[in-house]
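Index from 1, following the sequence. The basis for the numbers below is simple: all heavy atoms, side chains too, and nothing from hydrogens, waters or symmetry mates.
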Amino acid sequence: MNRKWKNILIILGTTGVVYFSFCYLLPLVVPFVFAFAFAKLTQPAVQKLHKCCHINEKACSFLIIIIFLGAIGSFLFYVGYICIDQLAELLKNAPAHVGVCTRMCERACRGVDNLLGLGPGVTYVWVEDSLADMDGKISQTYLPKLTGYIPAMLRTLGEWGAGFVVFIMATFLISFDKDRNVRYRSLMPYVKRLKTMGLAYLKVQGIIIFIVAAVCVAGLLLIKNPYAILLGIVIGIVDAFPIFGSGTILVPWAVFELIRKNFYCGAVLITLYVITLVLREILEPRLMGKEMGLKPLYVLMSVYVGIKLFGLGGILLGPVGLTILKTVAETKIKA
């Protein structure tokens, strides 16, 4: 067979295997994948504690895992507590925010009436009718559907809880396992490459999300926003989505504040958007190229394809699939 066609078949076959694995096999082994990664992450600390204190290695593993989980859990609990508190405050003040939006809408409708020479209140009546129709659709169509999803949501939460318990148990078992003999040596180049690039991708996205969220929190604290931490974290997460970005929240918000003639707040929000945009444009190519050796355009394409195929999980699965294909191309085709 022609070498060119053989290489094409290898890539197509690998693509099919990757797709099948992500769709059908990965959901079955997710807790064990995370447990393996977490156990390996704690190994350097375990070895250091074992050498320094001469404690049994299993005891060191148990202690380090408990410390890591405790630290991560405490941090997430603290941030979650603040976010929930700010979310409750936001919902409590929702009527006041709705009132502000209503008054702005009234002024805008009066401006449209004057501009088009319509009678007083014509535009506002049309807006009210449109909102009433939307409200009717929501109450008659979407709310019953949402109610029907509640059992599935509860079942999903139960599955997540069970998966978390399995993750904890698997982490301890993997850490306690002393049999580290390498099996299936032919797969090791792929596993090592995938581990290196997968961790690099998570590291890059984690660093960028943290920096963007920190900048947004600082900026929102500057304008004395009472929901600064909650909104800063949300903006940082949304910014990681290639289709959306931080501008999805910051730009409309800035326009809203400028319409209200709150120029200082609007200027800060626009500045935040520019800063987050520049940060991602500068950091992402450099970190991606340095850590992963992938061009940012290919990573963007892989994320887009991943979202199309696997939903939100494709943000991670897309680059992982690209990494597998690149590894196969480097080891098999170039061999």
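From Asn262, atom CG reaches atom OH of Tyr264 across 10.0 Å, with rounding to the nearest 0.5 Å. Of the inter-residue distances, the one linking Phe32 atom CZ with Met169 atom CE reads 9.0 Å to the nearest 0.5 angstrom. Rounded to the nearest 0.5 angstrom, Asp239 CG and Leu277 CG are separated by 8.0 Å. Interatomic distance, CD1 of Ile64 versus CG of Leu69, reported as 11.0 Å (0.5 Å rounding). Atoms CD1 and OG1, on Ile65 and Thr171 in that order, are 6.0 Å from each other to the nearest 0.5 Å.
When all heavy atoms of Cys216 and Gly232 are compared, the closest pair comes out as CB-CA, 3.9 Å. The two residues Ala228 and Val217 have their closest heavy-atom pair at O-CG2, 3.7 Å. Pairing each heavy atom of Ile174 with each of Ala39, the nearest pair is CG2-CB, 3.7 Å. Closest of all the heavy-atom pairs between Ala35 and Ala170 is CB-CB, 3.6 Å. Here the closest non-hydrogen pair linking Gly266 and Ala254 is O-CB, 3.8 Å.
Scanning for side chain to side chain donor-acceptor pair (under 3.5 Å) contacts around Asp85 gives an empty result, with sequence neighbours left out.
Cluster membership check: Leu173 does not share its hydrophobic cluster with Leu41, using side-chain heavy-atom separations under 4.5 Å among Ile, Leu, Val, Met, Phe, Trp and Tyr. In terms of hydrophobic clustering, with Ile, Leu, Val, Met, Phe, Trp and Tyr side chains grouped at heavy-atom distances under 4.5 Å, Leu221 and Ile229 are assigned to a common cluster.
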Working for side chain to side chain contact (heavy atoms under 4.5 Å, CB included), residues Ile223 and Leu269: CA-CA 9 Å; Ile223 59 176; Leu269 293 173; 4.3 Å; yes
Ser61 and Ser175: CA distance, side-chain angles, deciding distance, side-chain hydrogen bond (donor to acceptor under 3.5 Å, both in side chains) verdict: CA-CA 6 Å; Ser61 298; Ser175 298; 5.0 Å; no
Val215 and Leu279: side chain to side chain contact (heavy atoms under 4.5 Å, CB included), yes or no, with the steps? CA-CA 10 Å; Val215 168; Leu279 279 173; 3.9 Å; yes
Starting from the C-alpha separation in whole Å, work towards a yes-or-no answer on side chain to side chain contact (heavy atoms under 4.5 Å, CB included) for Tyr227 and Leu220. CA-CA 8 Å; Tyr227 321 112; Leu220 295 179; over 6 Å; no
Let's go through Leu230 and Ile82 carefully: what are the C-alpha distance in whole Å and the side-chain angles of both, what is the deciding distance for side chain to side chain contact (heavy atoms under 4.5 Å, CB included) to 0.1 Å, and is it a yes or a no? CA-CA 7 Å; Leu230 172 65; Ile82 294 176; over 6 Å; no
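In the displayed structure, Phe34 atom CZ is contacted under 6.0 Å by at most 12 heavy atoms of other residues, nucleotides or ligands.
Connectivity analysis of hydrophobic side chains (ILVMFWY, heavy atoms under 4.5 Å, direct or indirect) links Tyr24 to Phe20, Leu25.
Ring planes of Phe38 and Phe68: perpendicular class, angle over 60° (limits at 30 and 60°).
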